[in-house]
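Down below is the structure, laid out as structure tokens.
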Amino acid sequence: MRKLLMAMLALAFLTMAGCSSEPSKPAQTEKPQPKAAELQTGRYAFQKLYIAARGWARDAQPFRLESQVTADSKGKDGKSAVWRASFASPAGRGAKPYVWSGTDAQDAPSRGISPGTEDSYSPTNASTQIFDIQFLKVDSGKVDSGGTTDSLKNATTSAFEVAQKHGGDKLLEKAPDIPVLYVLDWNHTTNTLIWHVIYGNSRDDAKLVVDVNGTTGEFIRVEK
């Protein structure tokens with residue numbers, strides 16, 4: 001009888017101890033830190049986009065490369081977090097854009113390379129004149145030493161630097177928040193590959209547009 005009483009008291013004590021103890025809390029995990037935006041020059045992004053376009057059409061050739069302003073990339077120093085290249089397939093009579101993104105900003109495409117919608121292509125359209133990539137010798141900005149392995153990292157100038165010398169520096173000094181856009185295309189009249197360095201949110205409302213030769217790096221003209 002005494003053993004039974006002792007057993008019952010021990011069971012009651014364990015029950016009370018179990019009720020009074022707090023349930024174990026799950027271990028807190030640290031929230032992943034947001035990844036910093038990757039800002040790259042136009043030529044860096046173009047190399048990746050060109051490979052993707054060749055997967056779509058073996059004869060794909062570019063006719064435009066342009067940057068996009070985002071919340072964390074204003075285009076300074078010739079670099080952007082988003083680049084869009086448009087390609088044409090003369091044999092297939094089709095055109096298709098590809099976008100490279102290095103940011104998670106809400107106003108930007110997802111990171112990586114994204115294909116756009118295929119459209120028709122006409123070789124007689126002056127605004128979509130394809131060009132040979134061998135003409136692209138000058139980058140939008142200076143390339144970091146580890147940014148690429150080609151000869152562009154040793155280039156002595158960039159489209160941004162030339163534009164700065166022709167009014168861009170004074171404009172950014174007065175209004176440092178002005179975004180800078182970059183558009184690369186072929187001028188069929190002069191047979192020249194041209195970087196258009198645009199100081200403003202778009203070409204229409206730009207404060208300044210400077211044209212730079214994409215092959216030689218020479219200053220061409222100030223559009224506005």
Side-chain angles (χ1 to χ4, degrees), residues 34-50 62 64-86 98-109 111-113 133 135-185 193-224:
K35 191 176 180 180
E38 181 183 357
L39 307 183
Q40 294 291 352
T41 63
R43 187 62 172 83
Y44 174 91
F46 175 79
Q47 290 174 324
K48 296 181 176 296
L49 296 170
Y50 182 63
R64 184 176 294 110
L65 175 66
E66 54 195 319
S67 66
Q68 177 182 322
V69 173
T70 63
D72 50 12
S73 171
K74 301 301 181 183
K76 304 299 170 61
D77 300 323
K79 297 181 180 181
S80 178
V82 177
W83 289 92
R84 173 190 175 101
S86 298
Y98 284 83
V99 175
W100 173 86
S101 174
T103 178
D104 296 315
Q106 293 184 352
D107 57 347
R111 283 183 186 262
I113 296 176
I133 63 172
F135 282 96
L136 182 52
K137 303 293 186 183
V138 176
D139 208 342
S140 58
K142 278 295 187 67
V143 181
D144 296 332
S145 59
T148 183
T149 57
D150 64 22
S151 61
L152 286 171
K153 69 182 179 181
N154 298 318
T156 58
T157 190
S158 68
F160 176 74
E161 289 176 306
V162 175
Q164 284 290 94
K165 295 176 182 179
H166 291 84
D169 54 351
K170 295 179 180 178
L171 184 59
L172 288 181
E173 185 177 349
K174 294 179 180 178
D177 292 333
I178 291 180
V180 185
L181 294 167
Y182 305 89
V183 176
L184 178 75
D185 57 20
L193 186 63
I194 299 177
W195 276 110
H196 308 275
V197 184
I198 303 165
Y199 293 79
N201 291 300
S202 69
R203 200 164 186 168
D204 294 333
D205 67 354
K207 301 294 183 182
L208 174 69
V209 180
V210 181
D211 290 351
V212 180
N213 191 305
T215 303
T216 66
E218 295 177 345
F219 165 73
I220 297 176
R221 64 168 180 152
V222 172
E223 292 186 23
K224 61 185 300 186

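- Distance CD/Glu218 to OG1/Thr157: 10.5 Å, rounded to 0.5 Å.
- Here the closest heavy-atom approach between residue Ala159 and residue Val138 is recorded as N-CG1, 3.9 Å.
- Rounding to the nearest 0.5 Å gives a distance of 9.5 Å between CG of Asp177 and CG of Leu172.
- With hydrogens and angles ignored, the 3.5 Å screen pairs no side-chain donor or acceptor of Ser80 with any backbone N or O of Trp83.
- A salt bridge links Asp104 with Arg111: at least one charged nitrogen is closer than 4.0 Å to a carboxylate oxygen.
- The environment of Phe135 atom CZ is sparse: at most 12 non-hydrogen atoms of other residues, nucleotides or ligands sit within 6.0 angstrom.
- Taking the side chain as every heavy atom from C-beta outward, Pro109 and Val82 approach each other to under 4.5 Å.
- Across every non-hydrogen atom of Ile113 and Leu49, the tightest pair is CG2-CD2, 3.9 Å.
- Val212 and Ala163 make their closest contact through CG2-N, 4.5 Å (heavy atoms, listed as atom of the first residue, atom of the second, distance).
- Atoms CZ and CG, from Arg43 and Leu65 in turn, are 9.5 Å apart once rounded to the nearest 0.5 Å.
- Closest of all the heavy-atom pairs between Gln40 and Trp100 is CG-CH2, 3.6 Å.
- Within 6.0 Å of NZ on Lys48 lie no more than 12 heavy atoms contributed by other residues, nucleotides or ligands.
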Side chain to side chain contact (heavy atoms under 4.5 Å, CB included), that's the test. Do Gln68 and Arg84 meet it? Break it down for me.
CA-CA 8 Å; Gln68 177 182 322; Arg84 173 190 175 101; over 6 Å; no
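- With a 4.5 Å cut-off on side-chain heavy atoms, Val180 and Lys74 do not count as touching.
- Remark: side-chain polar atoms of Ser140 are paired, donor with acceptor, to backbone N or O of Gly42 under 3.5 angstrom.
- Considering Leu136, Asp139, Leu184 in turn, Leu136 is the only one that fulfils the side-chain contact (heavy atoms from CB on, under 4.5 Å) rule with Phe46.
- Side-chain atoms of Lys142 do not come within 3.5 Å of backbone N or O of Glu161 as any donor-acceptor pair.
- For the atom pair CG of Asp77 and OG1 of Thr41, the computed distance is 11.5 Å after rounding to the nearest 0.5 Å.
- The salt bridge (Lys or Arg N to Asp or Glu O under 4.0 Å) contacts involving residues 200-212 comprise Arg203-Glu223, Asp211-Arg221, where partners must be two or more places apart or lie in separate chains.
- Among residues two or more places apart in sequence or in another chain, the ring pair (Phe, Tyr, Trp, His ring centres under 6.0 Å) test is passed with Tyr199 by none.
- Annotation: side chain of Val210 is in contact with side chain of Leu208 (closest heavy-atom distance under 4.5 Å).
- The heavy-atom pair separating Asp72 from Thr70 by the smallest distance is OD1-OG1, 2.8 Å.
- One N or O on the side chain of Ser67 and one on the backbone of Tyr182 form a donor-acceptor pair closer than 3.5 Å.
- Residues Ala71 and Asp107 approach most closely at N-OD2, 3.1 Å, considering heavy atoms.
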